[in-house]
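All values derive from a computational prediction rather than experimental measurement.
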Amino acid sequence: MEGTYIRKQEHRIVVAVDESDESMYALSWCLKNLLVHDTPKTTIVLLYVKPPTAVYSSLDTTGQSAATTAWHTFSGDAVTAIRKYGSQLVNSVMQRAEAVYTNSDANISVERAVGCGEARDVICSTVEKLKADTLVMGSHGYGFIKRAILGSVSDYCAKHVKCPVVIVKNHKEI
């Protein structure tokens with residue numbers, strides 16, 4: 001069977017989305033340029049990663065235990081407000097993404113996935129779990145110094161996932 005290519009019946013693309021214009025541009029770019037039109041079924045998975053919850057040291061500056069400090073600092077009302085804000089943020093990002101893909105004429109199905117933790121780890125594990133064919137991510141266009149300090153989620157994912165990764169440059173840079 002040398003030289004024979006068997007086309008998959010389904011193509012699954014994970015698009016990492018966040019609050020940035022760059023991620024929405026990456027989704028738009030994906031819809032215009034990356035869809036496999038002769039594949040019977042293409043599924044776009046919109047993946048949003050909520051940041052990890054705060055971590056406290058065992059002692060704060062007043063000498064109280066972290067549990068005591070956390071209890072006083074984050075009372076029930078504050079925790080509820082933080083969770084509500086997180087849910088609103090997820091909904092906002094997904095609504096923006098929905099506006100992008102509903103304006104597309106692509107014949108696709110769309111799924112939503114929300115993870116929590118370090119973005120690079122959650123993205124890589126989700127891509128593996130879903131057996132994605134492609135990962136699409138936007139690039140924030142950070143310079144060398146910022147990338148060195150903050151790290152680059154897209155660089156990390158490009159090195160660690162098993163499927164092809166498309167990093168879409170900031171549309172202002174193109």
Side-chain angles (χ1 to χ4, degrees), residues 10-35 42-57 66 70 73-74 78-102 104 106 108-174:
E10 180 180 358
H11 191 71
R12 183 177 288 279
I13 302 170
V14 173
V15 180
V17 293
D18 61 18
E19 301 81 15
S20 71
D21 290 338
E22 291 84 3
S23 74
M24 294 303 142
Y25 180 74
L27 172 59
S28 175
W29 185 93
C30 171
L31 294 169
K32 291 176 188 167
N33 298 291
L34 200 59
L35 296 181
T42 299
T43 301
I44 302 281
V45 179
L46 302 172
L47 174 60
Y48 178 80
V49 182
K50 293 192 275 187
T53 55
V55 178
Y56 301 95
S57 64
T73 304
F74 294 110
V79 171
T80 301
I82 290 169
R83 287 186 181 142
K84 182 178 178 183
Y85 175 74
S87 294
Q88 290 171 340
L89 195 56
V90 170
N91 290 336
S92 172
V93 169
M94 292 301 182
Q95 285 174 353
R96 285 183 66 205
E98 184 177 342
V100 171
Y101 70 76
T102 54
S104 166
I108 56 169
S109 64
V110 177
E111 297 175 4
R112 298 175 177 196
V114 178
C116 183
E118 291 296 330
R120 64 189 199 171
D121 299 325
V122 174
I123 293 169
C124 289
S125 67
T126 302
V127 165
E128 186 177 327
K129 277 186 218 166
L130 296 176
K131 296 183 170 93
D133 298 297
T134 310
L135 169 62
V136 176
M137 309 177 74
S139 171
H140 290 256
Y142 294 146
F144 175 76
I145 301 294
K146 259 191 177 174
R147 248 190 357 261
I149 294 169
L150 298 175
S152 171
V153 174
S154 58
D155 286 349
Y156 181 89
C157 292
K159 292 175 185 168
H160 290 88
V161 297
K162 294 177 180 151
C163 67
V165 178
V166 177
I167 301 171
V168 181
K169 287 191 175 198
N170 182 338
H171 62 286
K172 295 171 190 154
E173 295 176 2
I174 297 176

Visitor: In chain order, what residues pass the side-chain contact (heavy atoms from CB on, under 4.5 Å) check against S125, with sequence neighbours excluded?
Guide: none
Visitor: Rounded to the nearest 0.5 Å, what separation is found between the CZ atom of R96 and the CG atom of L27?
Guide: 10.5 Å
Visitor: Just so I know, are the side chains of D133 and C163 near enough to count as touching, which here means a heavy-atom distance under 4.5 Å?
Guide: no
Visitor: Measure the OG1-CD1 distance between T134 and I44 for me, rounded to the nearest 0.5 Å.
Guide: 9.0 Å
Visitor: Compare every heavy atom of A158 with every heavy atom of V165, then report the nearest pair and how far apart it is.
Guide: CG2-CA, 3.9 Å
Visitor: Under a 4.0 Å threshold between the charged nitrogen and the carboxylate oxygen, would R112 count as salt-bridged to E98?
Guide: yes
Visitor: Which atom names give the shortest non-hydrogen contact between L47 and G115, and what distance separates them?
Guide: CD1-N, 4.4 Å
Visitor: For A26 and M137, which heavy atoms make the closest approach, and how far apart are they?
Guide: CB-C, 3.8 Å
Visitor: Could I get the full list of side-chain contact (heavy atoms from CB on, under 4.5 Å) partners for E19, not counting sequence neighbours?
Guide: Y48, L89, V93
Visitor: Partners of E128 by salt bridge (Lys or Arg N to Asp or Glu O under 4.0 Å), sequence neighbours excluded?
Guide: none
Visitor: Enter the distance from R120:CZ to S152:OG here, rounded to the nearest 0.5 Å.
Guide: 10.0 Å
Visitor: Output the distance between atom CG (L31) and atom CG (N33), rounded to the nearest 0.5 Å.
Guide: 9.5 Å
Visitor: Can you tell me how far the NZ atom of K159 sits from the OG atom of S154, to the nearest 0.5 Å?
Guide: 10.0 Å
Visitor: Identify the two heavy atoms, one from I13 and one from C30, that lie closest to each other, and give their separation to 0.1 Å.
Guide: CG2-SG, 3.9 Å
Visitor: Measure across M94 and L46 and return the closest heavy-atom pair with its distance rounded to 0.1 Å.
Guide: CE-O, 3.6 Å
Visitor: Using the side-chain contact (heavy atoms from CB on, under 4.5 Å) definition, which of the options D155, I167, V153 pairs with S139?
Guide: I167
Visitor: To check you understand the geometry: which heavy-atom pair defines the closest contact between E10 and T43, and what is its length?
Guide: OE2-OG1, 3.3 Å
